[in-house]
2 protein chains.
Amino acid sequence: MKDSETVSPRKGTVVDSIVQNLADDIVSGQLAPGTKLDAQTMAERFGVSRTPIRETFGHLAAMGLVTHRPNRGVVVATLSPEALSDLYEAMAELEASLARLAALRMNSHQRETLERLHNESIHLVRDGTSDEYDQFNRTFHALIFEAARSPQLQQLAETTRTRLAPFRRAQFRLNNRLSKSWEEHDAIVRAILTGDAEGVARLMRAHVQTVSAMSAEFIAEHQPRPVAASSPDLAYQGADG
Amino acid sequence: MKDSETVSPRKGTVVDSIVQNLADDIVSGQLAPGTKLDAQTMAERFGVSRTPIRETFGHLAAMGLVTHRPNRGVVVATLSPEALSDLYEAMAELEASLARLAALRMNSHQRETLERLHNESIHLVRDGTSDEYDQFNRTFHALIFEAARSPQLQQLAETTRTRLAPFRRAQFRLNNRLSKSWEEHDAIVRAILTGDAEGVARLMRAHVQTVSAMSAEFIAEHQPRPVAASSPDLAYQGADG
DNA sequence: AACGAAAAAAGTGCATGCACAATTGTGGTT
DNA sequence: AACCACAATTGTGCATGCACTTTTTTCGTT
């Protein structure tokens, strides 16, 4: 254990960099849902006092990454199956809206880039790893977000995506999910290129909802106890191993 | 000026009630966009120390109601015309999504309530005040939010609505905007009752965007200096008086 | 009188201390 | 041995103090 991981002496406030740090830990799964975070410990870990840590917790709570219980500290956010599918629904709607706007506003250069990158991604389906495809997948969606030119919607979508991240691990590990995903992307790209705004919204909504179903299925299959009585909330179900 | 406005001694943390207080002041326009909020003063006003005030500021910043400049305090959020129309666009998309889901999921009791309240609201168009119609308008949209059964999307829509509130004042003061609004509502209600999900999404999007245009127009017309060089951001333009 | 530099004032950001709430541990009672 | 009350411990929530940054005021120079 290194003492006090020197919270980069850059500009801005100390708080922001600690927020980044902890958010990454949560999103990446290093801090599993349900983990209790206590101010004292974090203060020592980052070599600051408890005051900025408390502020950090506030930021994380605002992002929905942790839950704050008055007088009882904060824990990494846990989601009930209902809450998870609700979040996915929101994600699907947001991405559908962004895709629709992208179809209407994308310029020719952006269209070319999207088409080219998508076509290249076919290699990843056969030869790439899940992680590589996952990375391309993020790029694919980011291109569409960008093209929609709707910063506020984009922001909401990205926040929602971040909240889902701890529960999306290894989404592409399921049987031939990669090729299914590619085909869905393909339909989306074609709809964008032909300017079919309503169509692309429908396709994107379905695409995200498929991912949602996969996530739920994956988690269900990897439950320690298949159908137990008392585990309403999802803690991290271990995937990347 | 009463000293220390006894921040209701209820349960929960002190911070939450102060957040409510200040959020209300901002949303209602008591604290105009651009107003600087300093911790010291607020601490005295609410009879607490600066620490919980700082936390309060964090919450308000997370909601987008204030802007935080490191080492330079917080000010009530100000929006450039572009940012304002961007926010309205997001609002339009969110409400369109919610309306679409509502059309698919509304039960018969909810349909009856919506239709009844909408029909009754015709009186307000002729006999009511702007404020009364504004209040009904909120109810109308809330009914649809509720019926969509999509808590996360609903939350995003409500947060966005709150952020827009300081800039929406007196939106119904413009010529016959009331009857126009009622007609738009009418089309929306009919689409919901016939289960035309895609149609209601389109109508709702247009409805919110009309409000957006009205807002922009109203602000433009009430600008102190019609076309000046240097006022990129909108402070509160005084309406309710 | 206008301008600029330096000093003073004001205000933020973080550390630390204390009071109180929640949790855990212990011992007594049935 | 199981259960409950009470004490000890842990940890949160807020107050206060100090250092440093930003802003304002003052004062000397042109």
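Atoms considered below: every heavy atom in the structure, side chains included; atoms not considered: hydrogens, waters and symmetry mates. All chains are named by letter (A, B, ...) in the order of the sequence lines, taking the proteins before the strands, and each is independently numbered beginning at 1.
Atom pair A/Ile53:CD1 and C/dT16:C1' shows a separation of 15 Å (rounding to whole Å applied). At whole-Å resolution of the value, CD in A/Glu44 and C1' in C/dT16 are 14 Å apart. Straight-line distance from the CZ atom of A/Arg69 to the P atom of D/dT12: 10 Å, rounded to whole Å. Atoms CD (A/Glu55) and P (C/dA15) sit 11 Å apart, rounded to a whole Å. Separating the CZ atom of B/Arg50 from the P atom of C/dG13 is a distance of 10 Å, rounded to the nearest angstrom.
Interatomic distance, CD of B/Glu55 versus CD of A/Glu55, reported as 8.5 Å (0.5 Å rounding). Rounded to the nearest 0.5 angstrom, A/Met106 CE and A/Thr113 OG1 are separated by 8.5 Å. One distance of note links CZ of B/Phe140 with OG of B/Ser181; it measures 8.0 Å at 0.5 Å rounding.
Mapping A/Thr51 and A/Arg72 onto DNA chain D via the closest heavy atom, the residue that lands nearer the 5' end is A/Arg72.
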Name the pairs: protein N/O against N/O of nucleotides 8-11 of chain D, kept only if under 3.5 Å.
none

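When the salt bridge (Lys or Arg N to Asp or Glu O under 4.0 Å) test is applied to A/Asp25, the partners found at least two apart in sequence or on another chain are A/Arg45. Remark: A/Ala39 engages A/Arg50, A/Ile53, A/Phe57 in a side chain to side chain contact (heavy atoms under 4.5 Å, CB included) (not counting sequence neighbours).
Distances shown here put a side-chain N or O of A/Arg54 below 4.0 Å from the OP1 or OP2 atom of D/dG13.
For A/His59 and B/His59, the ring centers sit 6.0 Å or farther from each other.
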